[in-house]
Amino acid sequence: MPTLAIVGAGPGMGLAIARTFGSRGFDVALISRTKDKLRTLVDQLGQEGITAAAFPADVLDRASLTDALDTVKARFGGIDVLEYSPAPHSPVPGLTLTAPSEATVDDLQPQIEYVFYGAVAATRAVLPAMREAGAGTLLFTTGGGSVDPVPMLGNVNAAGAALRNWVINLNKELTGSGVHAAHVAINVWIGGGGPEGFPTATSEEIAPLYWDLHENRDRSEAVFNA
């Protein structure tokens, strides 16, 4: 069975992506900080006939993230698809919102650590085996501001844009290797409770895009708009 590893698994997009791949024959490895949350997701997927397992780790702790992905490979025999989309958690010093003109290195660094460097660490843990196998998919998620930035999210958008640039460039480097990298920019509010007038979509509406990118390997990015 092929295996999907989701870094930043939660009850929204993570669960929807897990269902999308799991319903197509994938085993699912769920990685996030909270053990209880992971157990709940594993139980939900199991009730739907999807084989899933939990692997607690924090993307800000590079060693724990690498160890978790190594454990996934040992448990399932490898990782065929990696999806990286952690949501910021609290309290994390510096994970605040700043406009570009107000941003400082202290505002930017935590976002870059969380959004960009965590993705690089996860990729380094899985890419060598994918290259050796000549097959694999690497998927990375940011908000729509990585493509069309919003002033109030100046530091967040800068980190997302750095990740987007790196993913597109990585995919160019991997041409001909059998490994595919792609970036997803979600330009909507997911679920309810968003700002008035801002476009919304459900996780279930967005998740098929990830399968499309896995299957359509000539695309290195996609933007989800309402």
Side-chain angles (χ1 to χ4, degrees), residues 3-15 17-18 28-42 52-75 79 81-98 100 102-130 138-146 149 152-167 169-170 181-186 190 203 210:
T3 299
L4 163 70
I6 300 175
V7 178
M13 281 307 308
L15 181 58
I17 294 169
V28 179
L30 303 172
I31 300 170
S32 74
R33 294 182 313 127
T34 310
K35 292 181 181 179
D36 290 343
K37 178 178 71 176
L38 289 176
R39 280 196 291 265
T40 299
L41 298 177
V42 168
F55 302 87
D58 189 332
V59 299
L60 293 174
D61 181 346
R62 309 290 183 244
S64 79
L65 178 57
T66 298
D67 288 346
L69 288 165
D70 287 344
T71 304
V72 172
K73 288 183 280 187
R75 164 69 171 79
I79 295 173
V81 179
L82 171 74
E83 195 278 320
Y84 183 89
S85 57
H89 56 77
S90 297
V92 178
L95 285 184
T96 56
L97 305 181
T98 58
E102 299 170 350
T104 66
V105 171
D106 290 339
D107 295 321
L108 288 162
Q109 189 63 39
Q111 296 288 350
I112 291 171
E113 292 277 355
Y114 200 82
V115 174
F116 185 20
Y117 294 167
V120 172
T123 301
R124 290 181 62 86
V126 303
L127 181 55
M130 288 182 174
L138 303 161
L139 301 172
F140 305 87
T141 304
T142 66
S146 61
M152 69 175 290
L153 302 174
N155 55 338
V156 177
N157 291 168
L163 176 59
R164 172 179 176 259
N165 178 282
W166 180 80
V167 172
N169 205 19
L170 174 63
H183 171 258
V184 177
I186 300 178
I190 303 173
S203 301
Y210 291 81

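Between Ala122 and Tyr84, the shortest heavy-atom contact is CB-CD1, 4.2 Å. Heavy atoms only, all atoms of each residue included: Ala121 and Arg62 are closest at CB-CD, 3.7 Å. Ala52 approaches Val42 most closely through the heavy-atom pair O-CG1, 3.5 Å. Between Pro110 and Asp106, the shortest heavy-atom distance links the atoms CD-O, 2.9 Å. Nearest heavy-atom pair across Ala181 and Leu170 is CB-CD2, 4.0 Å. Nearest heavy-atom pair across Ala68 and Pro56 is CB-O, 4.2 Å.
In this structure Asp67 satisfies the salt bridge (Lys or Arg N to Asp or Glu O under 4.0 Å) test with no other residue, sequence neighbours excluded. Applying the salt bridge (Lys or Arg N to Asp or Glu O under 4.0 Å) test to Lys35 and every residue at least two apart in sequence or in another chain returns nothing. By the ring pair (Phe, Tyr, Trp, His ring centres under 6.0 Å) test, Phe55 pairs with no residue at all, sequence neighbours left out. Remark: Ala158 pairs with Leu108 by the side-chain contact (heavy atoms from CB on, under 4.5 Å) rule, at least two apart or across chains. Under the side chain to side chain donor-acceptor pair (under 3.5 Å) criterion, Ser32 pairs with no residue at all, not counting sequence neighbours. Applying the side-chain contact (heavy atoms from CB on, under 4.5 Å) rule to Asp61 yields the partners Asp58, Ala63, Ser64; only residues at least two apart in sequence or on another chain are considered. For Arg39, the salt bridge (Lys or Arg N to Asp or Glu O under 4.0 Å) test picks out Asp36, with sequence neighbours left out. In this structure Thr3 satisfies the side chain to side chain donor-acceptor pair (under 3.5 Å) test with no other residue, sequence neighbours excluded. In this structure Thr141 satisfies the side-chain contact (heavy atoms from CB on, under 4.5 Å) test together with Glu83, Ser85, Val184, Ile186, Tyr210, sequence neighbours excluded. Remark: Val156 engages Leu97, Gln111, Leu153 in a side-chain contact (heavy atoms from CB on, under 4.5 Å) (not counting sequence neighbours).
Judged as a side-chain hydrogen bond (donor to acceptor under 3.5 Å, both in side chains), not a single pair has a partner in residues 116-130 (not counting sequence neighbours).
Distance check: Met152 CE to Asn157 CG gives 10.0 Å after rounding to the nearest 0.5 Å. Residue Leu30 holds its CG atom at 6.0 Å from CG of Leu38, rounded to the nearest 0.5 Å. Separation of atoms CG (Leu127) and CD1 (Ile79) is listed at 11.5 Å; rounding is to 0.5 Å.
Distance alone, capped at 3.5 Å, places no donor-acceptor pair between the Asp107 side chain and the Thr98 backbone.
At least one side-chain heavy atom of Leu82 sits less than 4.5 Å from a side-chain heavy atom of Leu69.
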Item to complete: Evaluate side chain to side chain contact (heavy atoms under 4.5 Å, CB included) for Val72 paired with Val126, printing each intermediate quantity in order.
Response: CA-CA 10 Å; Val72 172; Val126 303; over 6 Å; no
Discussion item. With side chain to side chain contact (heavy atoms under 4.5 Å, CB included) as the criterion, how do Leu139 and Ile17 come out once you've worked through the C-alpha distance, each side chain's angles and the decisive distance to 0.1 Å?
Written reply: CA-CA 11 Å; Leu139 301 172; Ile17 294 169; over 6 Å; no
Enumerate, atom names and distances included, each donor-acceptor pair closer than 3.5 Å involving a side-chain atom of residues 159-167, sequence neighbours excluded.
| from | atom 1 | to | atom 2 | distance (Å) |
| --- | --- | --- | --- | --- |
| Arg164 | NE | Glu221 | OE1 | 2.8 |
| Arg164 | NH2 | Glu221 | OE1 | 3.2 |
| Arg164 | NH2 | Glu221 | OE2 | 3.1 |

